[in-house]
Amino acid sequence: MTAPSTVQAASPAAAAPPAPPPDRRSFTRAFADLRSGFAQRELWTHLGWQDIKQRYRRSVLGPLWITLSMGITALGLGLLYSQLFGSPISTFLPYITTGFIVWNFMLGCITEGTETFIANEGLIKHLPAPLSVYVLRTVWRQMIMFAHNLVIYFIMLAVFWGGITKSGYVITEGGVPQPGLNWSALLAIPGFALIALNAGWVVLLFGIISTRFRDIPQVINSLINLLFFMTPIVWSTDILKKKFESSAAWREYIAELNPLYHFIQIVRAPLIGNEQSWHHWVVVGGFAVVGWTLALVVMRNYRSRVSYWV
């Protein structure tokens with residue numbers, strides 16, 4: 001009787017090497033996250049609305065405080081700076097108001113974008129949702145606030161209709177004549193859409209970086225006031241020409257080299273009948289391409305780590 005052999009033939013399944021773990025760093029996963037986030041529209045729109053309701057909970061005026069605070073700020077600064085610069089209030093106040101409306105949208109996307117994932121720590125750890133849901137939640141919330149602030153624009157439009165619809169009006173005395181408000185105001189719609197597209201990569205990129213380096217939100221909050229005064233919002237480029245006359249050409253680069261100026265101008269210019277330039281659209285479109293490229297690279301490499309960093 002022969003002893004049974006202790007050596008058994010290995011099965012094909014046992015001999016096969018284990019399958020490699022899925023690569024977490026891939027653009028496929030990054031794009032899948034974005035597609036899944038957009039598909040869950042009901043989730044991020046509901047969360048955005050809840051953010052607004054929670055902020056003004058038990059308030060008498062509710063979200064109208066957004067409009068009221070914006071109107072008071074624009075009116076106060078408009079009256080002050082129109083006197084300092086010797087500008088007609090009928091054209092300078094609409095200029096400041098529309099600039100403030102667009103600036104507040106961008107400001108909210110930048111500052112609240114740095115806190116996007118930090119503020120949603122609980123949901124990220126317990127809700128299996130794509131990261132892009134929280135990005136869209138932040139941008140959507142700022143869009144709701146932008147819509148509230150547009151009420152101020154329409155009130156201003158009714159009050160100063162005669163000033164900004166007149167062909168050849170100027171924002172400041174001796175400034176460049178403007179064509180006046182006309183049907184080109186509809187260009188503000190694609191202009192805002194382009195800004196919102198840029199807001200997506202800003203929130204995504206700054207949100208991931210700020211989750212890893214918690215000093216970034218403080219740095220941005222420290223610089224934001226400087227950026228406000230360096231951007232032609234409460235002052236116009238006409239002032240540079242009037243102040244420095246023949247030497248103003250190179251000084252205009254102070255505004256042209258500021259990307260925020262181009263973002264504001266593609267919406268403000270059509271809304272108040274200002275002369276529009278194609279180079280503003282080119283700059284903002286270029287930032288959208290470069291920004292989303294950087295954001296997708298960062299998302300590809302660090303998307304899976306955000307839940308650990310928060």
Side-chain angles (χ1 to χ4, degrees), residues 22-38 40 43-44 47-48 51 102-143 145-146 194-228 230-231 257-264 283-310:
D23 185 11
R24 293 180 178 273
R25 295 188 176 185
S26 67
F27 284 109
T28 302
R29 287 177 175 267
F31 282 109
D33 188 292
L34 292 176
R35 287 194 300 268
S36 180
F38 276 104
Q40 299 186 34
L43 175 59
W44 50 265
L47 292 174
D51 290 339
V102 182
W103 168 261
N104 267 26
F105 174 76
M106 297 192 303
L107 176 65
C109 290
I110 294 173
T111 56
E112 294 188 18
T114 58
E115 303 281 348
T116 292
F117 302 123
I118 300 173
N120 288 285
E121 175 184 356
L123 289 176
I124 291 175
K125 290 183 175 180
H126 298 94
L127 180 66
L131 289 183
S132 54
V133 164
Y134 309 107
V135 173
L136 293 168
R137 173 187 186 178
T138 301
V139 176
W140 172 244
R141 181 170 66 246
Q142 295 305 317
M143 292 177 69
M145 298 178 68
F146 177 83
L194 189 55
I195 294 179
L197 179 64
N198 277 274
W201 72 258
V202 168
V203 174
L204 178 60
L205 180 62
F206 284 5
I208 294 177
I209 295 176
S210 299
T211 304
R212 177 62 181 85
F213 303 100
R214 298 300 176 94
D215 292 329
I216 298 298
Q218 283 70 31
V219 172
I220 291 178
N221 288 328
S222 299
L223 293 176
I224 206 69
N225 288 331
L226 175 63
L227 292 174
F228 171 78
M230 290 183 64
T231 306
L257 293 177
N258 183 351
L260 297 179
Y261 168 61
H262 303 283
F263 279 79
I264 289 178
V283 171
V284 177
F287 267 91
V289 174
V290 175
W292 271 108
T293 301
L294 291 175
L296 288 172
V297 170
V298 171
M299 192 177 186
R300 168 191 178 273
N301 293 334
Y302 304 109
R303 184 184 64 86
S304 60
R305 301 185 185 182
V306 171
S307 59
Y308 298 98
W309 287 342
V310 295

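Only a predicted model underlies this, so the values are computations on that prediction, with no experimental measurement involved.
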Atom of Trp103, atom of Ile224 and distance for their closest heavy-atom approach: CZ2-O, 3.9 Å
With a 4.5 Å cut-off on side-chain heavy atoms, are Leu204 and Phe117 touching? yes
To the nearest 0.5 Å, atom OG1 of Thr116 lies from atom CG of Leu131 at 10.5 Å
Between atom CG of Asn120 and atom NE2 of His126, what is the distance when rounded to the nearest 0.5 Å? 13.5 Å
4.5 Å side-chain heavy-atom contact, Thr114 and Asn221: no
May I have the step-by-step check of side-chain contact (heavy atoms from CB on, under 4.5 Å) for Leu197 and Val284, ending in yes or no? CA-CA 10 Å; Leu197 179 64; Val284 177; over 6 Å; no
Can you tell me if Phe38 has over 12 outside heavy atoms packed within less than 6.0 Å of its CZ? no
Do Arg141 and Thr138 come close enough that some side-chain heavy atom pair is under 4.5 Å? yes
CD1 (Ile216) and CD (Gln218) are apart, to the nearest 0.5 Å, by 9.0 Å
Where is the tightest heavy-atom contact between Phe263 and Ile195, given as atom of each residue plus distance? O-CD1, 3.0 Å
Within the structure provided, determine whether Val203 and Gln142 are in side-chain contact (heavy-atom separation under 4.5 Å). no
Enter the distance from Leu227:CG to Ile110:CD1 here, rounded to the nearest 0.5 Å. 7.5 Å
To the nearest 0.5 Å, what is the distance between CD1 (Ile124) and OG (Ser307)? 8.0 Å
Nearest non-hydrogen partners of Trp309 and Arg212, listed with the distance: CE2-CD, 3.3 Å
Please enumerate all residues that pass ring pair (Phe, Tyr, Trp, His ring centres under 6.0 Å) together with Tyr261, with sequence neighbours excluded. His280
Is it true that a side-chain atom of Thr211 and a backbone atom of Val310 form a donor plus acceptor pair closer than 3.5 Å? no
So, do Tyr134 and Val306 sit near enough that their side-chain heavy atoms are less than 4.5 Å apart? no
For Arg137 against Leu47, the heavy-atom pair lying closest together: NE-CB, 3.4 Å
If you look at every heavy atom in Gln40 and Pro130, which pair is closest and at what distance? NE2-CD, 3.3 Å
Applying salt bridge (charged side-chain N to carboxylate O under 4.0 Å, His left out) to Glu115 and not counting sequence neighbours gives none
Leu205 and Trp292: side-chain contact (heavy atoms from CB on, under 4.5 Å), yes or no, with the steps? CA-CA 9 Å; Leu205 180 62; Trp292 271 108; over 6 Å; no
Short question: side chain of Ser36, backbone of Ala32 - any donor-acceptor pair under 3.5 Å? no
For Met299 and Ile208, the nearest pair of non-hydrogen atoms, with its separation, is CA-CD1, 4.1 Å
Nearest 0.5 Å, please: how far is NE2 in His262 from CG in Leu257? 7.5 Å
If the plane angle is over 60° it's perpendicular, under 30° parallel, otherwise tilted; pick one for Trp201 and Phe206. perpendicular
So Asn198 and Met106, do their side chains get closer than 4.5 Å, heavy atoms only? no
